[in-house]
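Note sheet for the following structure.
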Amino acid sequence: YTVTLTVTDTEGNSNAIQQDITVSGEYTKLAPRPAVAPLLELKFEDNLIDSSGNNLNGIWQTNVGSYVAGIEGKALDLTTGNSIRIDNTASLGELDQLTISLWFKKEDSTDTGYLLRKIDSNSGASAIDMRVRSSYFGAQLFTSSGRGHCHTYSESQYVNNTLWHHYALTYDGQTMRIYIDGTEIT
């Protein structure tokens, strides 16, 4: 990549400098920031505080978990089987459109578990879930009309290693899509 920095003073005089840079390593695809304010944003900076301003703070389910270095800032260490809960509120009810985005890294390639799960308060069934198993990544979404969407993906380069991966689920009111490291999977 070539990066150009242009500095302009208050009188309109400018100077530009160009520098070639090389980006390498396992973290070359960072997730874009959402265009609109998120409904829920947990940064895991030694707490489960919702930084979106909507006060949807997380709660540790079993024991207080630990925080580890993440892609940007900190991450949760869920190797003990712990999880966090977000209380069911009207703002997390049926949504016309939805994007869920998160980073995930296994400690061991055989690790399994839910990355995110929202339970329907009426039926007790999963309304939304994103899960990783030893051989696949999957997601499902059920709408209030009973319409279900489910995808699984099993390419080992994304699920059978201990590297950081960015997972995203989108729903536009008709179609659910899954993205891993910025690439739509089918």
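Val132 and Leu102 fall within the same hydrophobic cluster, where Ile, Leu, Val, Met, Phe, Trp and Tyr residues are linked whenever their side-chain heavy atoms come under 4.5 Å apart, directly or through other members. Residues Tyr179 and Trp164 fall into different hydrophobic clusters, defined by Ile, Leu, Val, Met, Phe, Trp and Tyr side chains chained together at heavy-atom separations under 4.5 Å. Side-chain heavy atoms closer than 4.5 Å link hydrophobic residues (I, L, V, M, F, W, Y) into clusters, and following such links, possibly through other members, connects Met176 to Ile185.
For the pair Thr99 (side chain) and Thr170 (backbone), a donor-acceptor distance under 3.5 Å is absent. Under a 3.5 Å cut-off, the side chain of Asn54 and the backbone N or O of Leu40 do not form any donor-acceptor pair.
The shortest side-chain heavy-atom distance between Leu48 and Leu76 falls under the 4.5 Å cut-off. In this structure, His166 and Ile180 have side chains that are not in contact, with every pair of non-hydrogen atoms separated by 4.5 Å or more. Using a 4.5 Å heavy-atom threshold, the side chains of Ile178 and Tyr167 count as separate. Looking at heavy atoms from C-beta onward, Ile17 lies out of side-chain contact with Val7 at the 4.5 angstrom threshold. Looking at heavy atoms from C-beta onward, Val68 lies out of side-chain contact with Lys74 at the 4.5 angstrom threshold. Leu163 is not listed as a side-chain neighbour of Lys105, based on a closest heavy-atom distance of 4.5 Å or more.
Nearest heavy atom pair, residue Lys106 against residue Phe104, reads CG-CE2, 3.5 Å. Nearest heavy atom pair, residue Glu45 against residue Gly73, reads OE2-CA, 3.4 Å.
Once rounded to the nearest 0.5 Å, the distance linking OG of Ser66 with CH2 of Trp60 reads 7.0 Å. Atom CG of Leu141 and atom CG of Leu169 lie 6.5 Å apart (nearest 0.5 Å). We find the CD-NZ distance between Glu72 and Lys43 to be 8.0 Å, quoted to the nearest 0.5 Å. Rounded to the nearest 0.5 angstrom, Asn47 CG and Leu42 CG are separated by 9.0 Å. With values rounded to the nearest 0.5 angstrom, Thr110 atom OG1 is found 3.5 Å from Asp108 atom CG. Atom CD of Gln18 is separated from atom OG1 of Thr6 by 8.5 Å, given to the nearest 0.5 angstrom.
With no hydrogens or angles considered, a side-chain donor-acceptor pair links Asn57 and Asn55 at under 3.5 Å.
Salt-bridge annotation for Glu184 and Arg177: present, with a side-chain N of the basic residue lying under 4.0 Å from a carboxylate O of the acidic one.
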Derivation and outcome, side chain to side chain donor-acceptor pair (under 3.5 Å), residues Thr183 and Asp181: CA-CA 6 Å; Thr183 301; Asp181 294 337; over 6 Å; no
